[in-house]
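A short worksheet on the structure shown next.
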Amino acid sequence: MADTTGTSVIMEPLDLVRLRLDEEVYLKLRGDRELCGRLHAYDQHLNMILGNVQETITIVDVSEQGQGQSIHTVNRNVPMLFVRGDGVILVSSPPRTA
Amino acid sequence: MSGSFFGGTNPPEDDPIARGRAAFLASKATDLDNRLESLALEDNLGDQLPEDQDTFNTETFDADVGEITSGEFDFFQNTLANQAKMTSPQQHQHQPLPPPPPPQDTMQMLQSMGVSINHPVVPEAGPGSEGADERRRITTLAELEAKIISQRSTPMSGVTQPARKVADPETIASRREQRLERESALTRYNNMMSQRDKEYIVRIQVSQLLTDDPAADDFYCHMYQLSRGAMFGAMQQQVGVAGGSGEATEAGRSPSAACDPERVALAGAKLQNGIGQERSAGAASSPAPKQQTGAERGQPQNQHLARARRSNTQSSMARMQQQVQRIVNEARRRPKVAHVAAEGALGKISVTSSRNPKQAIQVQRSHGGSVSQGSPGPLTEAGGALAGLGDARNPTAERRKTLRAIEEMYTGVLRLEQLVREQARLPNVADHPSVQGWVAAYSAAKELAWAELEATQPILNVYPHPLVRILAFSKGKRAVGRLVHHLSMDQVLALTTTIIANFESLDVCRVGSFGYAGAAESQQREETDLFLHAVMPAALGFLAEASLQIVNGLFALFMERNNVAWVARTRPALVFLVVVLGRTAALKQQSQQSQEAYQAAELYNHLFNSLRGSLATIFPQQPLGHMPNPTEDMHAWQFLAALATAASAEQQHALVAEAREKVLEKVQLAKDPRLPAEMSTAILTNVNVFLNALGLDASQVTT
């Protein structure tokens, strides 16, 4: 994603994603999913290639008769992953709990 | 307007498809249609095909369609009866085509074994059969095999059976039957398209692959092949030097697409090479196993088939290369335009492809965004009292600034590498305008990258130094590693000076490379390795060629700016010291009594004194219970050896005294019977590196 002209490298919001190349990123996707992984590549559609990914799916179990909801998460680890851009909601740096 | 875009004006051939297409072209021959056809290359000829007649079936089976589709196709009922109708009653002896017809050599083999073909066997009665004779003559293969076995058991009873089952004629025959069945399955629908049709289709497919800039479009494939060290396909001289190092991200940083119509030819040529070499690799491997099985069986038929197959692929490959060449010439003659506007039409028709996709949104690019304003220099100078605390004030902003600097550097580096790739195609004349343009672009890109490093000011009041901050990121290390290929000697000297002056603050040296546990340790180790592989070689290579004066200066700077005893615990520092000491020793040999040699000796003494008493700490601390890895302390032993070679006798005594415990420990460890042999020898080798410098050996050590 190199710039052909001589202008500075940060011009638009997508360029901020460029700063995070080869760094850990935190993505929120549609379908109550979150990904945490190392960003290897991206493009203007926010298709991304992530390495060393941990995916967290949040599932809400609504029990019958409205007794109450229970939320639980499912985790999954994937060594290398391609994410289609139209499912990406937000891109950020990982939460600093680790 | 009778010619199509690609093909010539051939007279319609006999096959209905070509006839249909010619008719279509003749009937609807308008300019716009033709141009659209040439652009889109669809002609909807499928609608023209008359599909109601099963003409081919008529030719192949010589039967009415209704007859075949009425019932199940049963050999014994229909084909057998038909076969009986076909053959004359007089043929008793040699029947070249009994159904299902066994191949010629099977027949010959059977006859050579004295088997009578016409042993009467009665198949099930079918309708319309003309007599028992014909039916009896038609034996199935199974019956033949049974006959063969019975015949064979008598004459060959005295001979030992061959161990291999392949020699059994029954299995030979059955395998041949299977192979023929497979072959006929593959070739059953051959020769439906004419050669011209096939070429037409191939032209369409290949024309979609043409690009303006093959180097940029195939970049990832190239890099992947290079990094795998593969030997097929890549045109090495085009890709150039850069790119082999680094992981997926770094290899994936593709250069900007430079538009150059000349590269269309390269695309064609590259395609030829790629396809040609891939195909030849594939073709070379596929006949090989077939050859082997043929040799095993000893059948000439297999080898003949293999040869035919191989020459088929080669000729088709040659044909494809011709295709590509033709398409390349056409494309060069008529460049693809994104919009088509016919005369008299009221609008433009845009042709979308993967190269120019439909624009979904419009983005206004505003120059001078808030983040990009102000490089680190002016900001920190204007900071006043808070100048040196840039790091503490706003760590995220500092981080982002550093990342931005790294990306600027990458922009420069990528542009440099792209220019290097293009350099091969420049004319050799020095004052040619394109060459001058290239030189200007090259130096501009280099300046861009170099400015970010701020290496011209080794000592700033900003802590840590921007270069150090850049080197704190692994992608920063890699970028610097790639940049040094393009730097001049002065710039490399400046870079080395800056690194040395700020050695302590490097992230790889920060808390010593040892003493971490778990994931942090492996990460630290990775970063250290990356630093040693990417950044140090450039600096050290420079050192190895520098004069004694420069080496002394750097050595002095190192010791002045850094706490040697503390930094000596880290691997990069030890490696650096080893190289410096070695270079100093080599240079001292040349000029024994000069001022520089004297200075070097002084510096050495200083180093020795500052390290005295803490030599044992330079060894990596092993966490308890951790299996000792012999290569870990190699650099420490090397450093001690380097110290020893330049030491005076008294200093050597001191060295030995301090290192004694460590040596004894290692030797004892190596003699431990629980250790595998390679590890013991590795440990001993390491220790010997030091001991040999003193003139001793590990075997002399008595525990």
Side-chain angles (χ1 to χ4, degrees), chain A residues 1-27 35-54 75 77-98, chain B residues 216 219-220 246-259 357 359-361 363-375 396 399-418 441 444-445 447-448 452 473-479 519-520:
Chain A
M1 301 277 310
D3 225 291
T4 49
T5 62
T7 50
S8 168
V9 102
I10 302 294
M11 301 270 286
E12 51 182 26
L14 262 191
D15 294 331
L16 286 177
V17 182
R18 179 179 176 178
L19 291 187
R20 299 221 58 93
L21 272 174
D22 204 32
E23 304 265 313
E24 296 272 323
V25 297
Y26 165 79
L27 299 187
L35 294 178
C36 224
R38 177 168 281 242
L39 179 63
H40 285 300
Y42 75 102
D43 68 357
Q44 69 268 27
H45 307 292
L46 290 188
N47 296 330
M48 293 184 167
I49 295 182
L50 298 172
N52 217 7
V53 180
Q54 193 195 38
N75 274 324
N77 282 323
V78 182
M80 189 64 72
L81 186 66
F82 173 87
V83 181
R84 184 177 157 88
D86 76 356
V88 174
I89 296 176
L90 70 83
V91 180
S92 166
S93 45
R96 298 247 176 253
T97 53
Chain B
F219 182 78
Y220 294 101
E247 297 188 1
T249 315
E250 316 309 317
R253 294 214 186 220
S254 150
S256 57
C259 288
Q359 186 169 14
I361 56 175
V363 178
Q364 296 287 0
R365 294 203 154 212
S366 61
H367 294 255
S370 59
V371 186
S372 63
Q373 249 170 6
S375 54
T396 37
R399 194 153 189 271
R400 204 175 299 144
K401 252 190 275 178
T402 313
L403 286 173
R404 207 184 57 76
I406 293 179
E407 291 299 324
E408 295 264 7
M409 225 172 53
Y410 261 108
T411 312
V413 169
L414 290 172
R415 225 179 284 166
L416 284 174
E417 289 173 2
Q418 178 70 11
E447 273 313 301
L448 175 69
E452 296 301 327
F473 291 97
S474 57
K475 55 182 172 177
K477 295 189 184 83
R478 290 199 194 101

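Quick note on labels: first sequence line is chain A, next is B, and so on, each numbered from 1.
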Side-chain ion pair, A:E23 and B:R399, N-O less than 4.0 Å
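So A:E23 pairs with B:R399 through a salt bridge.
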Calculate, to the nearest 0.5 Å, the distance between atoms [atom1] and [atom2] belonging to [X] and [Y] respectively.
X	Y	atom1	atom2	value
A:R20	B:L403	CZ	CG	7.0 Å
A:D15	B:E407	CG	CD	9.0 Å
B:I406	A:R18	CD1	CZ	11.0 Å
B:K475	A:L21	NZ	CG	5.5 Å

Closest heavy-atom contact between A:D22 and B:R478?
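Of all heavy-atom pairs spanning A:D22 and B:R478, the closest is OD2-NH1, 3.4 Å.
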